[in-house]
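See below for the structure under consideration.
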Amino acid sequence: MAETFTVNVAQDNGIWIFETHGYINNLAGEAISEKYREAFDQGGRQFLFDLEDSKIINSVGVSILIEILEEIVERNGTMAFCHCVPIVKKTFNIMGITQYASIYETRSEALAAMREN
Amino acid sequence: MAETFTVNVAQDNGIWIFETHGYINNLAGEAISEKYREAFDQGGRQFLFDLEDSKIINSVGVSILIEILEEIVERNGTMAFCHCVPIVKKTFNIMGITQYASIYETRSEALAAMREN
Amino acid sequence: MDGERNREVELTIPMLQDMELAASRVAEALAEVLKFDEEKRAEVSMALLEACINSFEHSKSEDRKVYITFQTAPDELKITLRDHGVGFQRESIDPPKIEEKLRPGVRKRGWGLKLMESLMDSVAIDSDEYGTTIVMVKKK
Amino acid sequence: MDGERNREVELTIPMLQDMELAASRVAEALAEVLKFDEEKRAEVSMALLEACINSFEHSKSEDRKVYITFQTAPDELKITLRDHGVGFQRESIDPPKIEEKLRPGVRKRGWGLKLMESLMDSVAIDSDEYGTTIVMVKKK
Ligand SMILES: Nc1ncnc2c1ncn2[C@@H]1O[C@H](COP(=O)(O)OP(=O)(O)O)[C@@H](O)[C@H]1O
Ligand SMILES: Nc1ncnc2c1ncn2[C@@H]1O[C@H](COP(=O)(O)OP(=O)(O)O)[C@@H](O)[C@H]1O
């Protein structure tokens with residue numbers, strides 16, 4: 001939780017997978033944003049965030065995800081999430097993020113759906 | 001944790017398995033003690049406590065386990081534990097319970113060892 | 001009255017990075033004591049997290065502390081949070097909308113109050129130039 | 001000095017069933033903030049749990065409250081717990097031994113202080129007829 005936040009990035013057939021570890025607060029949001037920027041600059045347009053190990057988030061951290069979402073939507077890319085705990089899902093619903101980004105249960109489900117895109 | 005504590009009892013070839021759920025405090029200790037009494041009265045002499053779902057304990061609850069241990073030792077029975085989180089193991093070590101009761105990683109390991117007894 | 005006061009938990013945290021976690025943990029523990037289900041526990045916990053962060057970020061309080069009182073009744077948890085900051089006017093803050101937030105150049109922030117209000121059963125804000133008091137209730 | 005006071009977390013809990021959990025959760029959250037490893041977090045958390053239960057059970061305090069202060073330094077967490085109870089003499093309490101506890105008729109209780117002392121790096125007890133203060137330190 002307050003462990004040092006980390007984010008691992010992997011690629012699967014053009015889909016960039018961000019696996020976060022820890023509390024998504026302002027600092028974590030910035031760490032994600034940096035990695036996202038690198039991926040985007042390399043031409044990435046499909047992004048999957050696996051939040052299995054991020055059971056706590058706050059709205060400051062999520063705002064940074066909305067910054068990312070703005071850019072992805074603008075470039076006709078896709079943003080998706082998987083392995084979200086219920087409170088994270090609920091937060092994304094309340095904020096309306098789910099109108100622009102899909103939430104999948106598992107990573108393989110997400111990847112399958114995103115590949116059809 | 002502060003969920004209502006429950007304990008499920010099962011039998012495997014004469015070994016009584018107590019599976020606890022929740023914080024082992026005074027009330028939980030008493031609940032365990034009652035179930036233990038029934039098993040003991042039915043002739044039970046080998047007791048395995050699976051603490052996988054009890055990540056918090058306190059010394060008042062554990063004292064009730066020592067009451068049980070006293071009786072088991074006196075009647076030449078066996079008391080064992082499995083699936084203990086590190087703080088529970090450490091507590092049992094500090095208290096010296098591990099001199100009289102074995103701690104196994106898994107339930108099957110415990111059962112195998114206890115059957116040889 | 002006295003019986004109620006005797007059930008109060010009081011917590012004071014400094015306005016420092018991650019200290020909101022200490023507060024949210026107490027909320028969660030008390031929601032557990034009241035046997036709220038896991039979802040509601042997480043909801044209370046997050047609402048308080050957001051309230052704390054608001055005080056940290058916006059109150060400009062000089063003592064840099066947030067004062068929180070938790071009151072437990074059999075089927076509800078009431079949380080009162082105070083800061084001695086500059087205050088704000090709830091009415092002057094427009095509810096955030098995702099369509100607008102997604103426009104270029106628009107500040108993405110501004111979700112805390114909405115989240116608190118959505119996650120709790122009631123949120124009352126009393127704020128003036130001496131500080132902000134937020135009373136939030138979550139029912140079982 | 002002032003800088004230190006500004007890092008303090010204060011928690012007051014009523015002496016009621018399960019309230020020790022709220023205290024232990026704060027200890028755990030702060031140990032997390034300090035990036036203690038999981039084992040040490042659990043150790044601090046349990047030591048405080050035991051200290052709270054002692055106050056609940058033995059202090060006979062009239063206000064039925066436990067007052068806890070958490071002080072965080074970069075590599076240690078100091079917890080000061082106070083009750084306004086009847087106090088006790090540490091010296092007059094013999095260390096528990098499992099061999100003795102297993103004898104018939106012997107009271108099985110009496111492990112709280114030993115656990116606290118084993119789980120923390122230091123435990124200092126100051127107790128008199130006005131109450132008990134316990135200062136516990138855990139290093140990273
Ligand atoms: N405790 C507070 N003290 C002063 N101003 C506050 C406080 N809480 C909220 N505000 C004001 O309300 C606004 C909206 O808060 P919020 O919905 O949480 O979004 P955000 O914090 O992202 O701006 C803040 O930008 C701030 O101006
Ligand atoms: N806060 C306290 N106030 C008064 N007496 C206490 C307090 N804490 C401990 N004691 C005394 O010390 C004894 C030993 O405590 P402890 O080792 O925790 O075991 P237990 O609580 O099981 O008796 C208690 O029985 C009690 O007499």
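- Only the side chain of B:Lys90 has a heavy atom closer than 4.5 Å to any heavy atom of chain D.
- If you measure heavy-atom distances from D:Glu50 to chain B, the contacts under 4.5 Å come from the side chain alone.
- Using a 4.0 Å cut-off between a side-chain N of Lys or Arg and a carboxylate O of Asp or Glu, D:Lys108 and B:Glu70 qualify as a salt bridge.
- Note on D:Gly112, D:Pro104, D:Gly110: by heavy-atom pairs under 4.5 Å with chain B, the leading option is D:Pro104.
- Note on D:Glu39, D:Arg103, D:Glu43: by heavy-atom pairs under 4.5 Å with chain B, the leading option is D:Glu43.
- At least one side-chain heavy atom of B:Ile66 sits under 4.5 Å from a side-chain heavy atom of D:Ile98.
- At a 4.5 Å heavy-atom cutoff, D:Arg107 makes no contact with chain B through either its backbone or its side chain.
- Here the straight-line distance linking atom OG of B:Ser59 with atom CG of D:Leu113 works out to 9.0 Å at 0.5 Å rounding.
- Chain B is approached within less than 4.5 Å, heavy atom to heavy atom, by no residue from residues 76-97 of chain D.
- Within 6.0 Å of CD in D:Glu99 there are more than 12 heavy atoms belonging to other residues, nucleotides or ligands.
- In this structure, the portion of D:Glu57 lying under 4.5 Å from any heavy atom of chain B is its side chain and not its backbone.
- Contacts between B:Gln99 and chain D at a heavy-atom distance below 4.5 Å involve the side chain alone, from C-beta outward.
- Between D:Lys101 and B:Leu69 the shortest side-chain heavy-atom distance does not fall below 4.5 Å.
- Within the 4.5 Å cutoff, side-chain heavy atoms of D:Leu119 are placed close to those of B:Ile87.
- D:Gln17 places a side-chain heavy atom less than 4.5 Å from the side chain of B:Asn25.
- Between D:Leu49 and B:Ile57 the shortest side-chain heavy-atom distance does not fall below 4.5 Å.
- Closest of all the heavy-atom pairs between D:Met46 and B:Asn58 is CE-CA, 4.2 Å.
- Residues of residues 129-140 of chain D having a heavy atom under 4.5 Å from any heavy atom of chain B: none.
- Residues B:Ile94 and D:Trp111 are not in side-chain contact: their nearest non-hydrogen atoms beyond the backbone lie 4.5 Å or more apart.
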Pair B:Tyr23-D:Glu20, side-chain hydrogen bond (donor to acceptor under 3.5 Å, both in side chains): steps then yes or no: CA-CA 12 Å; B:Tyr23 176 29; D:Glu20 70 277 15; 2.6 Å; yes
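- Within the model, atoms NZ of B:Lys55 and OG of D:Ser45 stand 14.0 Å from one another, a figure rounded to the nearest 0.5 Å.
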